[in-house]
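Keep in mind the model is a prediction, meaning the values are calculated, not measured. Every heavy atom of this structure was used, including side-chain atoms; hydrogens, water molecules and symmetry mates were not. Residues take their numbers from the sequence shown, with the count starting at 1. First listed ligand is number 1; within each ligand, the first listed atom is number 1.
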Amino acid sequence: MVNKLPKGPNSPAWWQLIRWIKDPLSYQKECVQNYGDIFTFRMKGFSPFVVIGHPVGVKEIFSQDPNNFDVGRSNYIVQPLVGDNSLFLYDGKRHQRERKLLMPPFHGQNLQSYAQSICEIATHVAAQWQEGQRIIARKVMQEITLEVIIKVIFGISEGERYQKIKPLLAEMLDVTDSPLRSSFLFLKFLQQDWGTWSPWGRIKYRKKQIYRLLQDEIEARRSLSHELGNDILSLMMSAKDEKGQPMTDAELKDELMTLLLAGHETTATMLAWAFYEILRHPPVLEKLREELDRSGNFAPLEIAKLPYLNAVCQEVLRFYPVIPIIFPRITKTSMEIMGYYVEAETWLTPSIYLVHHREDLYLEPEKFKPERFLERQYSPYEYFPFGGGNRRCLGAALAELEMKLVLASIISKYELTLANKKLIKPQRRGLTISPTGGVPLIFQQKRQIFVRQLQNVT
Ligand code: HEM
């Protein structure tokens with residue numbers, strides 16, 4: 001056992017932070033080449049930050065007693081966006097209780113009831129596109145995923161209040177849409193509210209407006225003694241703690257904001273990447289369409305079980321982790337990780353990106369090959385786009401269902417092409433990694449017309 005932290009870059013701490021903000025994927029790749037499968041960043045404002053790029057280390061973390069780590073503390077960076085009462089920030093019993101409360105709408109029967117709505121929302125958005133129109137995939141996918149998450153949370157997606165929330169959330173996230181503008185989240189001294197013309201002021205102002213709408217919704221439900229449904233807000237409003245106390249309005253609003261934020265941008269980004277890769281690889285598009293055409297009028301849940309569609313989504317999630325590392329686990333005691341001895345208060349973080357791009361696990365890892373997921377099953381330590389252990393993504397099942405149904409609804413009905421052949425690189429967008437430029441597409445036409453026209457020509 002080595003009694004010290006793994007090696008890592010020895011450049012100044014502020015420079016390590018800048019590189020992490022600017023391009024976390026290339027920086028990690030460079031470190032693996034220089035220091036191996038486990039290395040330590042020492043970034044300004046952070047404790048030593050050990051990044052793990054090997055499944056053995058991932059297993060050591062995911063299979064440990066979760067009480068050996070604090071995680072909520074490591075997520076402090078999101079506090080200005082979601083407030084103090086967010087699942088992201090909790091640990092221990094409070095975290096366990098809140099997860100139990102929020103979990104049911106994301107599983108089983110409840111999840112199934114959203115399938116039809118997802119297809120309808122996707123088809124409705126696509127039906128508005130005009131022939132020859134240029135669309136930005138990430139933006140239109142965000143419209144769809146926002147509508148879905150609003151429906152999951154509130155049980156309905158229509159009405160003035162919901163229509164107002166949509167642009168406000170989008171505007172709030174757009175403030176950090178480049179690596180430079182993302183610095184506001186990482187560098188506290190930039191978090192200055194100089195009115196709505198300053199980026200931080202704009203984020204705060206939008207958040208305030210959203211919270212006002214959420215408060216109105218909570219009050220409206222109380223006054224109408226709205227019949228409780230299977231939506232999240234209904235469940236949260238009826239929940240009581242061990243002393244019989246309901247959640248306060250502040251708690252309700254922070255959790256709603258957490259889910260609104262976590263629940264739409266991530267999935268929209270993955271869908272944008274999916275369109276990019278599918279349209280760049282005509283054989284993949286053809287195979288996908290063959291499978292979808294064969295399935296004809298299958299019910300949405302049957303479509304979600306199609307093997308090639310599933311493999312395509314899994315490969316997108318492997319190739320482009322929307323969050324490059326999982327939430328850092330802060331050790332509460334000293335422990336051994338991959339033969340290294342680490343002290344309490346060390347930040348340990350498995351890197352989704354590094355493990356998903358290992359050559360010994362994924363043959364030709366830099367190639368987009370959905371077939372690999374038909375040929376082999378990967379363990380939860382080799383493939384973990386949604387993290388693992390007691391913090392595994394709460395919305396994983398919803399996100400996967402949504403990706404499959406949105407792709408199926410659009411790919412089977414419409415012809416789209418990439419607006420240009422330029423290689424699109426991942427870049428930081430706030431806390432996520434997103435396609436630079438958002439993947440511009442050209443909407444060609446409805447697919448049935450296309451097929452008929454071809455038949456006429458021949
Ligand atoms: C493709 C889309 C998505 C991806 C790739 C993704 C990925 C992740 C990852 C990597 C984590 C951290 C897990 C860990 O540290 O072990 C996480 C946490 C979380 N995700 Fe997602 N996510 C997605 C969609 C969603 C959706 C649709 C929701 C629904 C509201 C959601 C809600 C959450 C929540 C609440 C947590 C915190 C869980 C906790 O702290 O216990 N995510 N997600």
Side-chain angles (χ1 to χ4, degrees), residues 52 58 61-64 66 69-75 78 81-82 85-92 94-107 110-111 114 118 138 141-142 144-154 169 231-233 236 254-274 313-314 316-330 347-353 355-356 380-381 383-407 431-434:
I52 296 156
V58 180
I61 290 183
F62 284 170
S63 49
Q64 272 207 44
F69 302 113
D70 272 345
V71 178
R73 270 197 292 145
S74 76
N75 282 335
V78 298
L81 303 179
V82 296
N85 307 289
S86 161
L87 185 70
F88 283 149
L89 304 172
Y90 293 146
D91 276 308
R94 183 86 196 261
H95 173 256
Q96 230 177 328
R97 173 190 176 273
E98 211 79 355
R99 257 186 93 96
K100 234 192 216 161
L101 172 71
L102 299 177
M103 192 71 91
F106 292 104
H107 281 89
N110 288 326
L111 192 62
Y114 307 134
I118 295 172
R138 205 196 52 74
M141 292 305 125
Q142 194 161 311
I144 295 173
T145 57
L146 188 50
E147 192 117 349
V148 171
I149 195 69
I150 282 180
K151 186 157 179 85
V152 173
I153 290 180
F154 300 108
L169 268 173
D231 61 90
I232 295 184
L233 181 55
M236 288 200 297
D254 286 353
E255 285 300 23
L256 289 174
M257 189 67 170
T258 300
L259 295 173
L260 282 170
L261 283 182
H264 83 288
E265 206 194 5
T266 43
T267 317
T269 298
M270 293 321 299
L271 276 162
W273 282 124
C313 292
Q314 286 198 290
V316 175
L317 286 161
R318 177 193 75 83
F319 208 92
Y320 296 108
V322 66
I323 307 175
I325 51 166
I326 64 164
F327 299 159
R329 274 51 174 174
I330 306 176
W347 292 35
L348 301 175
T349 176
S351 164
I352 305 178
Y353 172 70
V355 176
H356 284 189
Y381 317 116
Y383 181 71
F384 51 101
F386 296 103
N390 70 329
R391 307 300 290 220
R392 187 172 189 272
C393 174
L394 198 78
L398 173 67
E400 284 185 310
L401 180 70
E402 217 178 326
M403 280 177 75
K404 291 176 187 173
L405 294 182
V406 171
L407 281 177
L431 299 169
T432 65
I433 307 292
S434 193

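- Under 4.0 Å from ligand 1, the heavy atoms of Phe106 that appear belong solely to its side chain.
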Test side chain to side chain donor-acceptor pair (under 3.5 Å) applied to Thr267 and Thr145, step by step: CA-CA 7 Å; Thr267 317; Thr145 57; 5.8 Å; no

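- The backbone N or O of Phe88 lies less than 3.5 Å from a partner atom in the side chain of Asn75, making a donor-acceptor pair.
- At a 4.0 Å heavy-atom cut-off, ligand 1 does not touch Val152 at all.
- Atom 6 (C) of ligand 1 has its closest protein heavy atom at Phe386 CD2, 3.6 Å.
- The protein atom (non-hydrogen) at minimum distance from atom 24 (C) of ligand 1 is Thr266 OG1, 3.3 Å.
- Residues Arg329 and Phe62 meet the side-chain proximity criterion, which asks for heavy atoms closer than 4.5 Å.
- In terms of protein heavy atoms, atom 13 (C) of ligand 1 is closest to Arg391 O, 3.2 Å.
- In this structure, Phe62 has no heavy atom closer than 4.0 Å to ligand 1.
- A side-chain donor-acceptor contact under 3.5 Å links Tyr383 to the backbone of Gln314.
- With atom 10 (C) of ligand 1 as the reference point, the heavy atom nearest to it among Ala274, Cys393, Pro324, Pro385 is part of Pro385.
- At least one heavy atom of Arg329 sits less than 4.0 Å from an atom of ligand 1.
- Note on ligand 1: Thr258 sits outside its first shell, no heavy atom being nearer than 4.0 Å.
- Looking only at atom types and distance, the side chain of Arg138 has a donor-acceptor partner in the side chain of Gln142 under 3.5 Å away.
- Ranking protein heavy atoms by distance to atom 27 (C) of ligand 1, first place goes to Gly263 O, 3.4 Å.
- At least one N or O atom of Arg99, backbone or side chain, sits closer than 3.5 Å to an N or O atom of ligand 1.
- Leu101 is not listed as a side-chain neighbour of Glu255, based on a closest heavy-atom distance of 4.5 Å or more.
- Val58 is not listed as a side-chain neighbour of Ile326, based on a closest heavy-atom distance of 4.5 Å or more.
- Shortest contact from atom 1 (C) of ligand 1 to any protein heavy atom: Met270 CG, 3.5 Å.
- Of the candidates Ile323, Asn75, Ile149, it is Ile323 that places a heavy atom closest to atom 9 (C) of ligand 1.
- Looking at ligand 1, you won't find any N or O of Gly387 less than 3.5 Å from one of its N or O atoms.
- Ranking the protein heavy atoms by distance from atom 37 (C) of ligand 1 puts Phe88 CE2, 3.5 Å first.
- Among all non-hydrogen protein atoms, the one lying nearest atom 32 (C) of ligand 1 is Ala262 CB, 3.6 Å.
- Side-chain atoms of Phe319 and His356, non-hydrogen and from C-beta on, never get closer than 4.5 Å to each other.
- Against a heavy-atom cut-off of under 4.0 Å, Ala399 is close to the following atoms of ligand 1: 1 (C), 2 (C), 24 (C).
- Among the atoms of Thr267, none of the N or O lies under 3.5 angstrom from an N or O of ligand 1.
- Using a 4.5 Å cut-off on side-chain heavy atoms (C-beta onward), His95 and Asn390 make contact.
- Shown are Thr269, Ile149, Ile150; of these, the side chain to side chain contact (heavy atoms under 4.5 Å, CB included) with His264 is made only by Ile149.
- The distance from ligand 1 to the heavy atoms of Gly388 drops below 4.0 Å at these ligand atoms: 16 (O).
- The shortest separation from a heavy atom of His95 to ligand 1 is under 4.0 Å, placing the residue in contact.
- Nearest to atom 5 (C) of ligand 1 among the protein's heavy atoms is Val322 CG1, 3.4 Å.
- The closest donor-acceptor contact from the side chain of Asp91 to the backbone of Val71 lies under 3.5 Å.
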